[in-house]
Amino acid sequence: IGVIPTKVCNENGPIKRGDLLVTSSKPGHAMKAVSEKGDGVFPSGAVIGKALENFEAGETGLIKVLVNVK
């Protein structure tokens, strides 16, 4: 468990504090996880962590992310 700075991109839209983050198609970056059917159920995959900051400006940036490896 820890808080790490993480490179993010706006591939799935703006990131809000509390959003789950997953791997993106941009190497080395995370993006906001979105449910495929709008039902709040997220697809399985590489969930990196939970955003602790908002990210809206620019195409890429750096935010703090809570990571909990099990």
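Along the sequence shown, residues carry numbers from 1. Worth saying up front: this structure is predicted, and the values here are computed from it rather than measured. What's counted below: heavy atoms across the whole structure, side chains too, no hydrogens, waters or symmetry copies.
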Asker: Taking all atoms of both residues into account, what is the closest heavy-atom pair of S24 and A30, and its distance?
Answerer: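 Minimum heavy-atom separation between S24 and A30: CB-C, 4.2 Å.
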Asker: Does a side-chain heavy-atom distance below 4.5 Å link H29 with E11?
Answerer: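 No, too far: nothing below the 4.5 Å cut-off.
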Asker: Please check this pair: side chain of N12 against backbone of A33, looking for a donor-acceptor N/O pair closer than 3.5 Å.
Answerer: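 Side chain of N12 to backbone of A33, a donor-acceptor pair under 3.5 Å: no, none is there.
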Asker: Applying salt bridge (Lys or Arg N to Asp or Glu O under 4.0 Å), name anything that partners K64, two or more places apart in sequence or on another chain.
Answerer: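 Once residues adjacent in sequence are excluded, K64 has no partner under the salt bridge (Lys or Arg N to Asp or Glu O under 4.0 Å) criterion.
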Asker: Any salt bridge linking E56 with K16? Criterion: basic side-chain nitrogen under 4.0 Å from a carboxylate oxygen.
Answerer: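 Yes, charged N to carboxylate O under 4.0 Å.
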Asker: Measuring from I15:CD1 to I63:CD1, what's the distance to the nearest 0.5 Å?
Answerer: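 If we round to the nearest 0.5 Å, I15:CD1 and I63:CD1 are 4.5 Å apart.
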Asker: Taking ILVMFWY side chains as joined if any heavy atoms are under 4.5 angstrom apart, and letting links pass through other members, which residues group with V3?
Answerer: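 Under the 4.5 Å side-chain rule, V3 groups with I1, L52, L66.
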Asker: Might you point out which heavy atoms bring K32 and V22 nearest each other, and give the distance in Å?
Answerer: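 Shortest heavy-atom separation between K32 and V22 comes out as O-CG2, 4.4 Å.
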Asker: CG/D19 to NZ/K50 distance, rounded to the nearest 0.5 angstrom?
Answerer: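 With rounding to 0.5 Å, CG (D19) is 9.5 Å from NZ (K50).
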Asker: Could you state the interatomic distance from NZ (K7) to NZ (K26), rounded to the nearest 0.5 Å?
Answerer: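 Between atom NZ of K7 and atom NZ of K26 there are 10.0 Å.
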Asker: Could you state whether L21 and L62 fall into the same hydrophobic cluster, counting links through intermediate Ile, Leu, Val, Met, Phe, Trp or Tyr residues with side-chain heavy atoms under 4.5 angstrom apart?
Answerer: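 No, no single cluster joins them.
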